[in-house]
Amino acid sequence: MTVKITYFVHSITTDNESGVATGTLPGELSEEGVRRAEALKDDIGSRQFDVVFCSDLHRAVLTADIWFGSGVARQDVRLCECDYGDMNGGSHSFKDSMTDFVDTPFPNGESYRDVERR
């Protein structure tokens, strides 16, 4: 039996547009994000998927609801964004030095290795 996995990311959020690292905060799709998700809806929705999973973060749930229909996606906390700890909701300027957090957790957060294990 072959398992085929297709990975999609959530659409654009207000935080993406303003340079904020949302991390494990819920996030909200921007107007542009909703427009882009709607534009992809027919293409994605016309494909056959046996099951759809998304993180439990609002931005991911809303994107999945637009693409596949409300409540279709199964939410799984393990698919959640990296917990940037004290940096959740702050500037995403640290992303220039993301390699600093591969093995070392963000202050009061998790490392990318932690995310991988999750």
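Just the heavy atoms: all of them, side chains too, but no hydrogens, waters or symmetry mates, feed the values below. FYI, the numbering just counts along the sequence from 1.
- T63 places no side-chain N or O within donor-acceptor distance of the main-chain N or O of H10, the cut-off being under 3.5 Å.
- By the neighbour-count criterion of 12 heavy atoms within 6.0 Å, atom CZ of R35 is densely surrounded, having more than that number from other residues, nucleotides or ligands.
- Across all non-hydrogen atoms, the minimal contact from E81 to G23 is CB-O, 3.3 Å.
- Taking 4.5 Å as the limit, every side-chain heavy atom of P26 sits out of range of all side-chain heavy atoms of L57.
- Judged by distance alone, the side chain of S55 and the main-chain N or O of V77 form no donor-acceptor pair under 3.5 Å.
- For the pair L62 and E28, the minimum side-chain heavy-atom distance is below 4.5 Å.
- Note that CZ of R117 and CZ of R78 are 15.5 Å apart. Values are rounded to the nearest 0.5 Å.
- Using a 4.5 Å cut-off on side-chain heavy atoms (C-beta onward), F68 and I44 make contact.
- The side-chain heavy atoms of C82 and V115, taken from C-beta on, include a pair separated by under 4.5 Å.
- Between E116 and R113 a salt bridge is recorded (basic side-chain N to carboxylate O distance below 4.0 Å).
- Between the CZ atom in R118 and the CG atom in D83 there is a gap of 8.0 Å [rounded to 0.5 Å].
- For the atom pair L29 CG and R59 CZ, the distance stands at 9.5 Å (nearest 0.5 Å).
- Between the side chain of T22 and the backbone N or O of L25, no donor-acceptor pair lies under 3.5 Å.
- Here the side chain of D114 pairs a donor or acceptor atom with the backbone of S111 at under 3.5 angstrom.
- Once rounded to the nearest 0.5 Å, the distance linking CG of D65 with NE2 of H58 reads 9.0 Å.
- When side chains are defined from C-beta on, R36 counts as touching I12, because their heavy atoms get closer than 4.5 Å.
- Two residues are said to be in side-chain contact when any heavy atoms from C-beta on lie closer than 4.5 Å; V51 and F49 fail this criterion.
- Distance check: Y84 OH to E110 CD gives 9.5 Å after rounding to the nearest 0.5 Å.
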### Message
For a side-chain hydrogen bond (donor to acceptor under 3.5 Å, both in side chains) check, start with the C-alpha distance between T24 and N88, then their side-chain angles and the critical distance, and finish with the verdict.
### Response
CA-CA 7 Å; T24 54; N88 284 329; 3.0 Å; yes
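- Two different hydrophobic clusters hold V102 and M87 under the rule that ILVMFWY side chains link at heavy-atom gaps under 4.5 Å.
- Between F101 and F106, the ring center distance clears the sub-6.0 Å criterion.
- Neither V61 nor L79 shares a network with the other; the hydrophobic side chains, linked directly or stepwise wherever heavy atoms of I, L, V, M, F, W or Y lie under 4.5 Å apart, form separate groups for each.
- Under the 3.5 Å distance criterion, the side-chain polar atoms of W67 are matched with a main-chain donor or acceptor of A37.
- Rounding to the nearest 0.5 Å places CG of N16 at 8.5 Å from OG of S11.
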